[in-house]
Student: 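After the structure tokens below, expect a handful of questions from me.
Each chain gets a letter, A, B and so on, in the order its sequence line appears, and its residues count up from 1.
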Number of protein chains: 2
Amino acid sequence: MSSTVAKALSLLDYFSEAEPEIGLSELARRSGVDKATVHRMLVVMCNYGLLEKRGDARLYRLGAGVLRLARVRETAFPVTSVFQQVLEVLSAELGETAHASLVSGRALATIGVSESNRGSRVSLMAGEILPMHSTASGLVVMAFSNGELVDRVLSEPLAAKTSRTITDTSILRARLQEVALTGYAESDQTNEDDVYGIAMPVFDSDGTTTGAIAVATPAHRMTNDLRQQVIAALFREAEKLNYSLGGRPPAAFRTAASRYRPD
Amino acid sequence: MSSTVAKALSLLDYFSEAEPEIGLSELARRSGVDKATVHRMLVVMCNYGLLEKRGDARLYRLGAGVLRLARVRETAFPVTSVFQQVLEVLSAELGETAHASLVSGRALATIGVSESNRGSRVSLMAGEILPMHSTASGLVVMAFSNGELVDRVLSEPLAAKTSRTITDTSILRARLQEVALTGYAESDQTNEDDVYGIAMPVFDSDGTTTGAIAVATPAHRMTNDLRQQVIAALFREAEKLNYSLGGRPPAAFRTAASRYRPD
DNA sequence: ACCATCGGTGATAATAATGAACCAACAGGA
DNA sequence: TCCTGTTGGTTCATTATTATCACCGATGGT
């Protein structure tokens, strides 16, 4: 945790769509690391293209290296385009915002968003980091992961993102049991006020949970009819995703899916 | 150079389209770093999502974090899609492979490729790292950069990629002078045998050189007619790129361009 | 002119990285 | 079966790297 590379890499997470350029002092203040230390790390990361400083201003931003790395990964294991298609189908059919995230360390990395075209809709930023414990996607990913990931997540204090966030580990473990039985997870304003999310897991070829697709609606709009509609659509699209990505859902999920919609 | 974060980040560059998954020992062998050290760094980078190990095998690969970071950068500063359009215009018009690279540390990161549809063509891998001293793109980027970048590149020994690669720093500095006058750079098999490249710089809003677009042909096919055709197309597309990306070419490049095609 | 803050630097004290040896597991071959 | 050479991963004493504080010049607002 206190390794230097960890500190250096954690700096990357402060760059977001909302704040794509940050200065040295600001970065030092947020990370709680000394200015001189941050500076040394920034220089190194600039040398490797992960960051770059705009010649003009003295601000740092994500560099061309991340574009290159993403391209390498995407050409070797193409996923984002496949996810994006599914998301657009979901948002078009349901009229609500759909998004996809992949397991990235001990959190989720949002790699795709398709917003609904309604005036009132859930809007989330591309590239956002989602916590595991307070989102439907996180719950469903943990529920179908080996205990190792769950332990890692629960070993740290769970931030109360809203007044409804589950911060008690034993209660959360019970929730995970339920989720594992149903095959999907729901989040009623546990990550953000007025946002209701429903998520379904996506798997790798060896049964590992790689991420999740989810539909998010304004909380007041989530009726039971819409719930059923969303869940059915998610089951259908998750199966398509697993098929086209070569994912093999584990037995636990298959039985949950068959329980929901018996053939 | 011997900082730990530098060593950790350098591990990322061993992952390529051709070899997207690498094991611990292999990575240690190539980087020349001790196995234990590499392992610690890999674990940290997995925790931050830059890497991930496939649950099945015990191989490491680029993680979902790089997809997220690329998305953050791309939504804040969209460039790849703009470049890609230009590349497709170039390859369609000229019938040869076009590619774009951005300055990434002390090298170039290829962020876009559009191959020609001819049977014989130059084929390069997306996400490839191009050296500064042996490619046309590198030459033109250095020629229009402040001396700082050039010094950094020339401070290290210049690898002889082919028998024609310029490895002498003073000769190369002279070449940069020439390139700065013409506004474009040519590379006759200095990076790869049988590949002839012509490159043109792309600039930032403050006149900094951000990267280059280039056309690569089999060396034997490069006639003087084709040369002129390529250069004219590159001048035109580079101007379009600078316009749509808000780039402001420095005076040196503007005079070079006007010298080539006086109004 | 002033004060605050910016990005950046350097020397010393303290921490974290290093690397050889070691382990268990697996694969292939004799 | 036994041997051998891999693999991924771990341990721990030594040591070299890193963090820290104070400082600097520049910038910008009052």
Student: Does the pair A:V141 and A:L149 meet the rule for a side chain to side chain contact (heavy atoms under 4.5 Å, CB included), with working shown?
Tutor: CA-CA 9 Å; A:V141 162; A:L149 173 65; 4.1 Å; yes
Student: Residues in side-chain hydrogen bond (donor to acceptor under 3.5 Å, both in side chains) with A:S25, at least two apart?
Tutor: none
Student: So which protein N/O to nucleotides 14-19 of chain D N/O distances come out below 3.5 Å?
Tutor:
from	atom 1	to	atom 2	distance (Å)
D:dT18	OP1	B:T4	N	2.5
D:dT18	OP1	B:T4	OG1	3.0
D:dA19	OP2	A:R40	NH2	2.7

Student: Which pairs pass side chain to side chain donor-acceptor pair (under 3.5 Å) with one or both residues in residues 60-79 of chain B, sequence neighbours excluded?
Tutor: A:D13-B:R68, A:E52-B:R73, B:E52-B:R61, B:E74-B:T80
Student: Going by side-chain hydrogen bond (donor to acceptor under 3.5 Å, both in side chains), name the residues that satisfy it together with B:S244, two or more places apart in sequence or in a different chain.
Tutor: none
Student: Identify, with sequence neighbours excluded, every residue that meets side-chain contact (heavy atoms from CB on, under 4.5 Å) alongside B:T167.
Tutor: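 Only B:L158, B:A160, B:T165 meet the side-chain contact (heavy atoms from CB on, under 4.5 Å) criterion with B:T167.
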Student: Only counting residues at least two apart or in another chain, list the ones meeting salt bridge (charged side-chain N to carboxylate O under 4.0 Å, His left out) with B:R254.
Tutor: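 In terms of salt bridge (charged side-chain N to carboxylate O under 4.0 Å, His left out), with neighbours along the sequence ignored, B:R254 is linked to no residue.
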Student: If you look only at distance, which donor and acceptor atoms sit under 3.5 Å apart when one is on a side chain in residues 28-35 of chain A and the other is two or more places apart or in another chain?
Tutor:
from	atom 1	to	atom 2	distance (Å)
A:R29	NH1	A:E26	OE1	2.5
A:R30	NE	A:E26	OE2	3.0
A:R30	NH1	A:E19	OE1	3.0
A:R30	NH2	A:E19	OE1	2.8
A:R30	NH2	A:E19	OE2	2.5
A:R30	NH2	A:E26	OE2	3.2
A:S31	OG	A:L27	O	2.8
A:S31	OG	A:A28	O	3.4
A:S31	OG	A:V33	N	3.4
A:D34	OD2	A:A36	N	2.9

Student: Filter on side chain to side chain donor-acceptor pair (under 3.5 Å), then keep only pairs touching residues 169-178 of chain A, sequence neighbours left out; what's left?
Tutor: A:D151-A:R173, A:D168-A:S170
Student: Anything under 4.0 Å to a heavy atom of chain B counts; send over the first and last such nucleotide of DNA chain C, read 5' to 3'.
Tutor: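 Listed 5' to 3', the contact boundaries are C:dA17 to C:dA20.
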Student: Write out a two-atom table: protein N or O, nucleotide N or O from nucleotides 7-9 of chain D, distance below 3.5 Å.
Tutor:
from	atom 1	to	atom 2	distance (Å)
D:dT7	OP1	B:R29	NH2	2.6
D:dG8	OP1	B:L24	N	2.8
D:dG8	OP2	B:S25	N	2.6
D:dG8	OP2	B:S25	OG	2.4
D:dG9	OP1	B:K53	NZ	2.9
D:dG9	OP2	B:Y60	OH	2.6
D:dG9	O6	B:K35	NZ	2.9

Student: Applying side-chain hydrogen bond (donor to acceptor under 3.5 Å, both in side chains), name anything that partners B:S134, two or more places apart in sequence or on another chain.
Tutor: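 For B:S134, the residues satisfying side-chain hydrogen bond (donor to acceptor under 3.5 Å, both in side chains) (neighbours in sequence not counted) are B:N191.
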Student: Quick one: list whatever passes side-chain hydrogen bond (donor to acceptor under 3.5 Å, both in side chains) with B:T4, sequence neighbours left out.
Tutor: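 If we apply the side-chain hydrogen bond (donor to acceptor under 3.5 Å, both in side chains) test to B:T4, skipping adjacent residues, the hits are A:T4.
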